[in-house]
Amino acid sequence: MTDLVTLISKWAIPFLIVVTLIYGQIKNVDVFDTFVEGAKDGFDTSIKLIPFLVAMMCALGIFRASGAMEFILSFIEPILTAFYIPSDIIPMALMRPISGSSTFAMMTEIFQTHGPDSFVGRLASTMQGSTDTTFYVLTVYFGSVGIKKSRHALAIGLIGDLTGFVSALIICTLVFG
Amino acid sequence: MVNYIWLFFIVGGILFSLFNGNIDDVTNALFNSADEAVNLSIGLISIMSFWLGIMKIIEKSGLIRVINKILTPIAKFLFPDVPKDHPAMNAILMNMSANLLGMGNAATPFGIKAMQNLQELNDKKDRATDSMCTFLAINTSSITLIPTTVLGIRAAAGSQEPTEIVGTTLIATLCSAIAAISADKVARKFSK
């Protein structure tokens, strides 16, 4: 099971690239030109992230350096350790449904502090990749067509987020723990 | 919401450091964090450019239509009340494909289009339909094959093996999607 997950992780991307390029060539797409055309957007997307990252990482940097984060976490730490949950992940888990760019910044914070290959770094990566920003999606999608009564949509989104977090924790403990 | 959280982190942190007497550390952390944020975004350019290049080939070669074909049976199960040939279905499929490939930003325009098309099928215009709730459930817990941005950040942060989280992400996202879709199917029955 663990080996299979590692194997898929290793081969998914190279496989996807080869399939894409060969399929493109068969369909007579100028693969090189098309690649370059798409790659241009990568620059803009990365640059657009700078303001969000600066805003959130500075706020988190202040909150952590002041000792306030530690102070708050010291209250819930005993409960978390009872469930083998690393306390560094908690602010990110709580923020995940609210803001994508903030949790993105929190994840990078975790990378800077613990390294991307630490357990909590891998857990943060898995969490970030496996759930979405429920409140944002709800606001943007329903807002775009003027839906005011969202019925059970928010509850379902949050159930998904919670399940995503718990299963990320379990699977990461099994694979990397 | 984010507004208040952001405010709380900064003002709360600075006030806390008044009592803690470590305001110098806080000021240092502030500028170091800003530095890190910019370095990271610059480091992201390489991998984002690569993936968006590959995405463009997927789009142009028509591979995205192949992915759509695979997803059609799933979409029919999820959206029984959307007619097969309705434009909403097409937009839903494009949105699902984009989400599968972890293209968060590219998925949003398709998502908004799908919502607009679903609204055409809606009798009470200010109240979400069953299909709209299902669509939201899928989006907030979307299954991701390649979490592109996360891989980029991992690589930029100097990870030895950035891709090792692809498998765990796939499993975690499968679980969250199954939970959200099941909850939605139950809610459909009880909230008429």
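Here is the naming used below: chain letters follow the sequence lines, and residue numbers restart at 1 for every chain. Reckoned from all heavy atoms, side chains included, excluding hydrogens, waters and symmetry mates.
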- request: Side chain from CB out, backbone as N, CA, C, O: work out which of these in A:Thr134 comes under 4.5 Å of a heavy atom of chain B, or both, or neither.
  value: both
field: Option that, when pairs with chain A are counted at under 4.5 Å, heavy atom only, ranks first among B:Ser182, B:Gly158, B:Ala172
entry: B:Ala172
task: Tell me, for A:Phe43 versus chain B, whether the close heavy atoms (under 4.5 Å) come from the side chain, the backbone, both or neither.
output: both
query: Given a strict heavy-atom distance threshold of 4.5 Å, which part of A:Val145 is in contact with chain B: side chain, backbone, both, or neither?
result: both
task: Name all pairs fulfilling the salt bridge (charged side-chain N to carboxylate O under 4.0 Å, His left out) condition that reach into residues 52-65 of chain A, sequence neighbours left out, sorted by first residue then second.
output: A:Arg64-A:Glu109
- request: May I ask you to check whether B:Thr163 and B:Arg154 show a side-chain donor-acceptor distance below 3.5 Å?
  value: no
query: So which part of A:Lys27 gets closer than 4.5 Å to some heavy atom of chain B, the side chain, the backbone, both or neither?
result: side chain
- request: With a 4.5 angstrom heavy-atom cut-off, could you sort out which part of A:Gln112 is near chain B: side chain, backbone, both or neither?
  value: side chain
- prompt: Considering residues at least two apart in sequence or located in another chain, which fulfil the salt bridge (charged side-chain N to carboxylate O under 4.0 Å, His left out) criterion with B:Lys60?
  reply: A:Glu37
message: Going by the rule salt bridge (charged side-chain N to carboxylate O under 4.0 Å, His left out), which residues pair with A:Arg96 if we only count those two or more places apart in sequence or in a different chain?
response: none
- request: Determine which residues belonging to residues 71-79 of chain B lie within contact range of chain A, meaning some heavy atom pair is under 4.5 Å apart, and list them by number or answer 'none'.
  value: none
task: Go through B:Ala180, B:Ala128, B:Ser17 and name the one with the most non-hydrogen pairs under 4.5 angstrom from chain A.
output: B:Ala128
task: Could you look at A:Phe104 and say if it's the side chain, the backbone, both or neither that has a heavy atom under 4.5 Å from chain B?
output: side chain
- prompt: Of the backbone (N, CA, C, O) and the side chain (C-beta and beyond), which part of A:Val31 lies under 4.5 Å from a heavy atom of chain B, both, or neither?
  reply: both
Aromatic ring proximity A:Phe35/B:Phe50, centre distance under 6.0 Å: yes
task: Flag the pair B:Asp81 and B:Arg188 as a salt bridge only when some basic side-chain nitrogen lies within less than 4.0 angstrom of an acidic carboxylate oxygen.
output: yes
